Trainee: 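Here it is: the structure, laid out below.
These numbers come from the heavy atoms of this one structure, side chains and all, not from hydrogens, waters or symmetry mates. This is a predicted model, so every value here is computed, not measured. By convention in this document, chain letters (A, B, ...) are assigned in the order of the sequence lines, proteins followed by strands, and residues within each chain are numbered from 1.
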Amino acid sequence: MSAVTLLTDFGDRDGYVAAMKGVIASLAPGAAIHDAAHGVPPGDVRAAAWALSQYWRLWPEGTIHVAVVDPGVGTARAALLARAEGRLFLSPDNGLLALVAAESRDFAAFALRADVRRPGGDSATFHGRDVFAYAAGLLAAAGSPEALVAGPAAPVAVPWAGPVRAADGSLHGEVIHVDRFGNAIANLRPCDLPAGAWRLAAGRAEFGRLDRTYGDVPSGAPVAYAGSSGRIEIAVRGGSAQMELDLRRGTPIILRSIL
Amino acid sequence: MSAVTLLTDFGDRDGYVAAMKGVIASLAPGAAIHDAAHGVPPGDVRAAAWALSQYWRLWPEGTIHVAVVDPGVGTARAALLARAEGRLFLSPDNGLLALVAAESRDFAAFALRADVRRPGGDSATFHGRDVFAYAAGLLAAAGSPEALVAGPAAPVAVPWAGPVRAADGSLHGEVIHVDRFGNAIANLRPCDLPAGAWRLAAGRAEFGRLDRTYGDVPSGAPVAYAGSSGRIEIAVRGGSAQMELDLRRGTPIILRSIL
Amino acid sequence: MSAVTLLTDFGDRDGYVAAMKGVIASLAPGAAIHDAAHGVPPGDVRAAAWALSQYWRLWPEGTIHVAVVDPGVGTARAALLARAEGRLFLSPDNGLLALVAAESRDFAAFALRADVRRPGGDSATFHGRDVFAYAAGLLAAAGSPEALVAGPAAPVAVPWAGPVRAADGSLHGEVIHVDRFGNAIANLRPCDLPAGAWRLAAGRAEFGRLDRTYGDVPSGAPVAYAGSSGRIEIAVRGGSAQMELDLRRGTPIILRSIL
């Protein structure tokens, strides 16, 4: 039986996650239900998309990834069932799957049928329980996505910023995520670095080299390195780059060649 | 084998939840142990009772719901094993099961035998580990609640406020829970609304209609709607009704008919 | 198949824990993966060691305890596979296993082979995913620790403070952990109390007796008691000893005999 993962902004106090799990466990009693993360900032679709991108491909084919950060719940936005590299996804159509779509070879999205809804579950504000968990339970129990969808869907386009080459040749990127440690992930990759000497400006810090890891710099010092997601990250050893370097999502990260 | 859910105020840092899980896994190695929520405010029995009410019935019959928010641990308060609509509950006798009792057709509570206690587990301050998880493990392994109880119990009465009809005909309710999103749940139901026009006063906001969902109002605007628990809820789209409308548990919610 | 527990400081928002779970689930699809705790303060190895000490022995023999709080990730510090009383441990060599080593009869540690690394997992900053979860998945699937290790290791010594007897006969201990409730755990045990009368000074409070539990004192009053870990703990009933008595890790706790 397939594994099911749950990503939400429902937190760890109100029982909303447990409601989703109960719906799944009732339909698919033997399913392995795994918490992915539930502390996504309320309504922060981009943070959720980032989190999902950190793990979706690491799970076995057939895994059902449920991801519900859904500020538009109950509106006309579609409910999606998507597939990428053998994994299935259930999510509102709000950009949450944008990074999966961009990263995968074979992303395909479909609209859930309107009648895929928990019997008695007529809420307009908790589709995590009444639509997405219900669909996940059906999938985990029977495994046929085809029966649940009405047809192909074209997910909303929620572009992620890419770096921009300026007239002076500098590359203007930005912070696309700040994690629990206050580490800032940039939309730049090590392959973006020029062959010669360069400077990377990020908030109150400037870097002239990538280190391998935190321990390569003294305690309290800023450090730039090739992060575990393949992007350039900026941290403060033993501290928070977010706080100490004033980095947040959208902060410019500028890369310049120097003599 | 039965599923076991865990609801506590033990948080996510100290290993207390993992201690409970280990006790259960040792007695019932194949049991599926599910986190319900562990971020209930310390000692807040009402918040825990609310959370439990959001999910207990959504799980399959036979599920063992363990709920331990236990400021009176080690005192004379009883340890309960209860049953409602085929689900089992393990909890201190402090009102945590009050909503389950009120909502279910066939709630029955029993006092755990004093000797249902983890061998060597003589703590007076961690019955989550030494009593409730131990009892859950026994139940998950062998399934006979009868062997664990000393006799029927009459749980302490912890009434939940209901709305009160005032002399002028207005209905005086209150906020009974505020969730992670800052949404306020009232002890009023859509069926309490009069047939004609009305006003609902809640903190700094006043409403003249129920909307379906957040997206029915502009960003930043207050919205009242029939919530996913069947009660009237008050939110601020993209914000926190708790903060922006000054709503907290106990804040009056007053419904008046108008001409 | 063995149970796997996960203890980290990765929090509940970024998908890092889900990345670890995916790696394990891919290698050992039927493994039961359990969250221990993920809210350890970032980089706080002592807090993690404390949390681990609360649960490791309560799990069945064969359990694989993964514990990754790893500020030195990517440096020369070893990656450990350890064994204690039939349980296995995967952890960076930074003191995280110090309490397990001190508490167990037969602790033995080994260095993971350098080639125990997720294929394609060349990160220098996320060994939780690329080394420890990968090793856990191999262990959960095949069960042979011997194949994964290069040889015995001598874990770094990270001593935990013990109480010190002063010239005047008083016993000088300290707070070694403060938990989510603000309860302070001392490195003193009930057996350290003298036969006659005594005083225990802790921050702004002084105690002349141990009570059994919180409910033995009035609401808001300080209370000292034999805690569930076998050590003396200090709490404020219905409040936070950390806040109200000004107790933090390292705060002196002084025990004096009196006439």
Side-chain angles (χ1 to χ4, degrees), chain A residues 1-3 5-9 11-12 17 32 34-41 44 47-63 65 67 87 177-183 185 210-216 219 223 225-230 233 235 237-240, chain C residues 1 4 6 8-35 37-45 69-77 92 94 118-131 133-134 137 141 180:
Chain A
M1 185 167 284
S2 298
T5 77
L6 303 180
L7 172 72
T8 75
D9 59 352
D12 189 32
V17 171
H34 298 274
D35 291 304
H38 301 295
V40 171
D44 192 336
W50 172 263
L52 180 59
S53 76
Q54 300 307 296
Y55 66 82
W56 70 269
R57 197 190 264 116
L58 295 171
W59 287 77
E61 295 193 20
T63 297
H65 292 303
R87 287 78 178 177
H177 186 71
V178 178
D179 72 14
R180 189 212 184 195
F181 297 91
N183 299 343
I185 294 99
L210 291 193
D211 284 296
R212 279 186 68 254
T213 187
Y214 318 113
D216 291 336
S219 188
V223 55
Y225 54 97
S228 61
S229 72
E233 294 186 22
R237 180 176 174 189
S240 163
Chain C
M1 185 167 283
V4 180
L6 302 181
T8 75
D9 59 352
F10 294 161
D12 189 31
R13 342 176 318 201
D14 295 307
Y16 299 149
V17 170
M20 292 180 65
K21 291 178 180 174
V23 171
I24 297 167
S26 292
L27 291 165
I33 306 172
H34 297 275
D35 292 304
H38 301 294
V40 172
D44 191 336
V45 173
V69 173
D70 194 9
V73 59
T75 64
R77 68 103 187 86
N94 60 13
R118 187 173 67 88
D122 58 353
S123 81
T125 53
F126 195 3
H127 288 188
R129 177 189 69 188
D130 292 340
V131 175
Y134 184 70
R180 189 212 185 196

Trainee: Who among Y225(A), Y214(A), W56(A), W50(A) has the most heavy-atom pairs with chain C under 4.5 Å?
Mentor: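 Top count of heavy-atom pairs under 4.5 Å with chain C: Y214(A).
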
Trainee: Report the option among A124(C), G22(C), A32(C) that has the most heavy-atom pairs separated by less than 4.5 Å from atoms of chain A.
Mentor: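 With the most close heavy-atom pairs to chain A, the winner is G22(C).
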
Trainee: Sort I185(A) into side chain, backbone, both or neither according to what part of it lies under 4.5 angstrom from a heavy atom of chain C.
Mentor: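 It is the side chain, since no backbone atom gets that close.
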
Trainee: Looking at V17(C), D122(C), V73(C), which has the largest count of heavy-atom pairs under 4.5 Å with chain A?
Mentor: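 Of the candidates given, the most pairs with chain A belong to V73(C).
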
Trainee: Using non-hydrogen atoms only, which part of V223(A) is less than 4.5 Å away from chain C: side chain, backbone, both, or neither?
Mentor: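 Neither the backbone nor the side chain of V223(A) comes within 4.5 Å of chain C.
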
Trainee: Look up atom CD in Q54(A) and atom CZ in F10(C), then write down how far apart they are to the nearest 0.5 Å.
Mentor: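 If we round to the nearest 0.5 Å, Q54(A):CD and F10(C):CZ are 11.5 Å apart.
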
Trainee: So what's closer than 4.5 Å to chain A heavy atoms on D35(C): side chain, backbone, both or neither?
Mentor: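 Contact with chain A involves the side chain of D35(C) alone.
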
Trainee: Counting N and O atoms only, with roles assigned by atom type, does the side chain of R129(C) sit under 3.5 Å from a partner on the main chain of L58(A), one being a donor and the other an acceptor?
Mentor: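 No.
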
Trainee: Of the non-hydrogen atoms in G39(A) and R13(C), which two are nearest, and what is the gap between them?
Mentor: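 Nearest heavy atoms, G39(A) then R13(C): O-CG, 3.6 Å.
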
Trainee: Is H34(C) in contact with chain A via its backbone, its side chain, both, or neither, using a 4.5 Å heavy-atom distance?
Mentor: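 Contact with chain A involves no heavy atom of H34(C) at all.
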
Trainee: Out of D130(C), T75(C), T125(C), return the one with the most heavy atom pairs under 4.5 angstrom to chain A.
Mentor: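 Ranked by contacts with chain A, first place is T125(C).
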
Trainee: For the residue pair D9(C) and F181(A), establish whether any side-chain heavy-atom pair is separated by less than 4.5 Å.
Mentor: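 In short, these two side chains touch, coming nearer than 4.5 Å.
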
Trainee: Is S123(C) in contact with chain A via its backbone, its side chain, both, or neither, using a 4.5 Å heavy-atom distance?
Mentor: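 Just the side chain, heavy atoms under 4.5 Å.
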
Trainee: Give me the atom names and distance for the closest heavy-atom approach of A25(C) to P60(A).
Mentor: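 Heavy atoms of A25(C) and P60(A) come nearest at O-CG, 3.6 Å.
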
Trainee: Compare all side-chain heavy atoms of K21(C) with those of T5(A) and state whether any distance is below 4.5 angstrom.
Mentor: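 When only atoms from C-beta onward are counted, T5(A) and K21(C) do not touch, as no gap falls below 4.5 Å.
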
Trainee: Without swapping roles, check the side chain of R180(A) against the backbone of D14(C) for a donor-acceptor pair under 3.5 Å.
Mentor: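 Here the side-chain-to-backbone pair does not exist.
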
Trainee: Would you mind checking which part of A36(A) comes under 4.5 Å of any heavy atom in chain C, side chain (CB onward), backbone (N, CA, C, O), both or neither?
Mentor: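 When you check distances to chain C, atoms from both the backbone and side chain of A36(A) fall under 4.5 Å.
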
Trainee: Under 4.5 Å from any heavy atom of chain A, what part of P29(C) do you find: side chain, backbone, both or neither?
Mentor: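 P29(C) has no heavy atom closer than 4.5 Å to chain A.
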
